[in-house]
Amino acid sequence: MDRYYARFSSNHPWLHLSFLAIVAAIFSISCYQLLVNEELIFAIGLVVPVVIIPFFAMAANYKRKYMHD
């Protein structure tokens, strides 16, 4: 699956950057809400980047090793 996303990110770099921006926004908003409201329900937003960022890293690793631009 990381191979497909690596190809997708090469063909559509603006969509890839928007996905990264969305993940960063989810993390930032969740951190803010967790600090301000002090409710643990906002910790779910911290789990989303923890799951998605390794996927981005695997795709970037594949792209660096096997896809030569």
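It should be emphasised that the depicted structure is a prediction, and the values quoted were computed from it without experimental measurement.
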Colleague: Which heavy atom of Pro49 sits nearest to which heavy atom of Pro54, and what is that distance?
Modeller: O-CD, 4.1 Å
Colleague: For Ser28 and Ala25, indicate whether the former's side chain and the latter's backbone hold a donor-acceptor pair under 3.5 Å.
Modeller: no
Colleague: Any heavy-atom pair between the side chains of Phe8 and Arg3 that's under 4.5 Å?
Modeller: no
Colleague: Say whether, by atom type as modelled, one donor and one acceptor occur between the side chain of Asn61 and the main chain of Ala57 under 3.5 angstrom.
Modeller: no
Colleague: Quick one: do Val48 and Leu34 end up in the same hydrophobic cluster if we chain Ile, Leu, Val, Met, Phe, Trp and Tyr together by side-chain heavy atoms under 4.5 Å apart?
Modeller: no
Colleague: Answer whether the closest heavy-atom distance between the side chains of Ile26 and Ile29 falls below 4.5 Å.
Modeller: no
Colleague: Atom CD1 of Ile53 and atom CG of Leu20: how far apart are they, to the nearest 0.5 Å?
Modeller: 8.5 Å
Colleague: Give a yes or no on whether Val36 and Leu40 share a hydrophobic cluster (residues Ile, Leu, Val, Met, Phe, Trp, Tyr; joining criterion: side-chain heavy atoms under 4.5 Å apart).
Modeller: no
Colleague: Mind jotting down which residue pairs meet the side-chain hydrogen bond (donor to acceptor under 3.5 Å, both in side chains) criterion with at least one end in residues 37-57? Sequence neighbours excluded, please.
Modeller: Gln33-Asn37
Colleague: Could you go step by step and tell me if Leu46 and Cys31 meet the side-chain contact (heavy atoms from CB on, under 4.5 Å) rule?
Modeller: CA-CA 7 Å; Leu46 300 177; Cys31 284; 3.5 Å; yes
Colleague: Could you list who else is in Val51's hydrophobic cluster, with ILVMFWY side chains joined at under 4.5 Å, directly or through other members?
Modeller: Val47
Colleague: Check the hydrophobic clustering (I, L, V, M, F, W, Y; side-chain heavy atoms under 4.5 Å; chains of links allowed) and say if Leu15 and Ile52 are grouped together.
Modeller: yes
Colleague: Specify the closest pair of heavy atoms between Gly45 and Ser30, including all atoms of both residues, with the distance to one decimal.
Modeller: CA-OG, 3.1 Å
Colleague: Measure the spacing between OH of Tyr62 and OG of Ser10 and express it to the nearest 0.5 Å.
Modeller: 10.0 Å
Colleague: Using the ring-ring contact (aromatic ring centres under 6.0 Å, His included) rule, collect all pairs that involve residues 15-45, keeping only residues at least two apart or in two chains.
Modeller: Tyr5-His16, His16-Phe56
Colleague: Other residues, nucleotides and ligands only: do more than 12 of their heavy atoms fall within 6.0 Å of CG on Leu35?
Modeller: yes
